[in-house]
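Since we're looking at a predicted model, the values are computed, not measured. Chain letters run A, B, ... following the sequence lines, proteins first and then strands; every chain starts at 1.
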Number of protein chains: 2
Amino acid sequence: MAVNDARPLRADARRNREKVMVAARAAFTEHGEKATLDDIARRAGVGPGTLYRHFADRETLLAEVYRHDIEGLAERGRALSEQYPPGEAFAEFLRMEFDYIKAKRGLGTAVKQMLGTGSSTLIECKGVMRDAIGDLLGRAQEAGAIRKEVEPDDVLRLVHGVVMATESAPDMADRLLGFVLDGLRPPA
Amino acid sequence: MAVNDARPLRADARRNREKVMVAARAAFTEHGEKATLDDIARRAGVGPGTLYRHFADRETLLAEVYRHDIEGLAERGRALSEQYPPGEAFAEFLRMEFDYIKAKRGLGTAVKQMLGTGSSTLIECKGVMRDAIGDLLGRAQEAGAIRKEVEPDDVLRLVHGVVMATESAPDMADRLLGFVLDGLRPPA
DNA sequence: CGACAACCGGAGATACTCTCCGCTTAGCTC
DNA sequence: GAGCTAAGCGGAGAGTATCTCCGGTTGTCG
């Protein structure tokens with residue numbers, strides 16, 4: 001729906017969709033994940049009806065904003081693997097993912113809750129992240145920096161977990177991420 | 001409020017408060033953290049007004065239910081330290097905490113979100129857990145099973161994180177918890 | 001038992017999500 | 001550029017959840 005229709009959106013519709021996305025990103029960043037949709041519509045200068053035609057419900061909107069960000073993250077991840085040695089690149093990527101979710105107060109938690117509902121957009125996001133992590137992880141493993149039995153999903157979840165657990169205490173983030181990374185390294 | 005008032009509650013009020021707690025625990029376990037409060041009141045056989053006099057809002061109620069459970073957990077934790085050797089007791093406690101939050105679908109996430117709001121009940125919970133963990137952690141550290149620089153707060157947050165991250169995939173829980181525990185052990 | 005404070009409960013104020021539909025306008029055709 | 005058509009707009013409002021207020025009721029104490 002609204003994602004891949006036969007004919008392209010009319011110009012005004014496309015504009016409005018974009019305005020809503022921008023307003024939504026701002027609102028979610030500012031008020032946490034529970035910004036009201038009517039308010040987002042108002043900020044965007046469109047009626048609630050317009051917002052809801054483009055995004056079926058609050059979760060869809062949230063997921064769409066998230067998807068956009070995730071794709072940017074994965075992109076930067078690919079760049080990392082060319083700038084750093086394998087082990088470093090991996091650790092650096094985790095820190096990056098980290099900073100992102102940290103900047104988005106509560107968004108991570110909200111997204112996590114939605115994963116249970118089976119949103120197709122989020123499943124897509126997960127795939128994108130899994131690929132990005134999988135690549136870096138594979139290299140790190142070949143280089144002997146990370147245990148062989150660790151899988152991309154493990155990393156995905158661990159990072160998410162640490163992020164969520166430190167949303168209210170960002171200072172601890174690096175420290176905890178460090179412990180987790182140690183747990184992924186091969187035994188000396 | 002309603003926690004430590006000068007005079008004790010009237011008998012009927014006390015009864016109602018208890019009925020609401022029971023209904024709330026059932027509802028939260030059954031419908032996840034978003035069971036409606038009016039529904040809880042109905043189940044408990046009281047009016048919404050009564051519910052809201054005892055528990056200022058949804059978060060307060062959730063926190064109160066949580067507190068009750070946490071105290072039980074901490075109690076069981078103390079028992080563990082007498083049944084197992086230090087390192088084992090510690091690991092076993094984490095698994096226990098784990099199973100509890102897992103059983104409570106989504107409650108962990110909800111509680112976590114509230115930590116940011118500074119609920120006094122939850123701060124108390126955290127204190128209780130920190131003490132329980134601190135004790136087991138201290139013994140494990142003395143026995144050389146866990147690194148010296150690990151602090152109770154680290155453990156608290158890591159476990160919470162893993163729990164939240166595996167709410168939608170409980171099968172991975174043990175595995176991830178294992179990685180985290182490895183990260184807390186002294187380097188070989 | 002009588003009086004009074006504590007407590008009850010439900011009607012309803014408020015707020016939010018999401019829908020429906022009459023009006024507007026972009027974009028194609030001639 | 002004028003007219004036609006369907007895509008799109010936006011706001012009124014239905015549905016629902018949270019939380020409040022207050023007239024009536026009931027426990028408790030002298």
remark   = Side-chain contact check for A:T36: nearest option of C:dC8, C:dT17, C:dG9 is C:dT17
task = Please give the angle, rounded to 10 degrees, between the axes at the start and the end of the helix from C:dC1-D:dG30 to C:dC30-D:dG1, where five pairs define each axis.
result = 10°
task = To the nearest Å, give me how far apart CZ (B:R14) and C1' (C:dC8) are.
result = 18 Å
Under-4.0 Å side-chain N/O to phosphate OP1/OP2 contact, A:H54 with D:dC9 = yes
query = Expressed in angstrom and rounded to an integer, what is the separation of B:F55 atom CZ from D:dA17 atom P?
reply = 21 Å
note = To the nearest angstrom, the CD1-P distance between B:I40 and C:dG9 comes to 16 Å
Distance-only check: which donor-acceptor pairs under 3.5 Å involve side-chain atoms of residues 155-165 of chain A, not counting sequence neighbours?
unit_1, atom_1, unit_2, atom_2, d
A:R157, NE, B:A165, O, 2.7
A:R157, NH2, B:S168, OG, 2.7

ask   = How close or far is atom C1' of D:dA17 from atom NE2 of B:H31, stated in whole angstroms?
value = 15 Å
Partner set under salt bridge (Lys or Arg N to Asp or Glu O under 4.0 Å) for A:E59, not counting sequence neighbours = none
query = Who are the salt bridge (Lys or Arg N to Asp or Glu O under 4.0 Å) partners of A:E18, not counting sequence neighbours?
reply = none
inquiry  = Rounded to whole Å, please give me the gap between CG in A:L51 and C1' in C:dT19.
reply    = 13 Å
key: Spacing of B:R42 atom CZ relative to D:dA17 atom C1', expressed in whole Å   = 11 Å
query = Reading nucleotides 19-29 of chain D from the 5' end, what letters show protein touch, with B for base, S for backbone sugar-phosphate only, - for no heavy atom under 4.0 Å?
reply = BB-----BSS-
inquiry  = Please enumerate all residues that pass side-chain hydrogen bond (donor to acceptor under 3.5 Å, both in side chains) together with A:R147, with sequence neighbours excluded.
reply    = A:E149, B:D182
inquiry  = If we count only N and O atoms by modelled type, under 3.5 Å, do the side chains of B:D57 and B:Y52 hold a donor and an acceptor together?
reply    = no
ask   = Is the shortest side-chain N/O distance from A:N16 to OP1 or OP2 of D:dC9 below 4.0 Å?
value = yes
Report, one line per pair, each donor and acceptor closer than 3.5 Å where one atom sits in a side chain of residues 42-51 of chain A; sequence neighbours left out.
unit_1, atom_1, unit_2, atom_2, d
A:R42, NH1, A:D39, OD1, 3.2
A:R43, NH2, A:E30, OE1, 3.2

Tabulate below the donor-acceptor pairs under 3.5 Å that side-chain atoms of residues 73-88 of chain A make, not counting sequence neighbours, or state none.
unit_1, atom_1, unit_2, atom_2, d
A:E75, OE1, A:R78, NH2, 3.0
A:S81, OG, A:R78, O, 3.0

task = Using salt bridge (Lys or Arg N to Asp or Glu O under 4.0 Å) as the criterion, list what pairs up with A:D12, not counting sequence neighbours.
result = A:R10
query = Is a donor on one side and an acceptor on the other found under 3.5 Å between the side chain of A:Q141 and the backbone of A:V150?
reply = yes
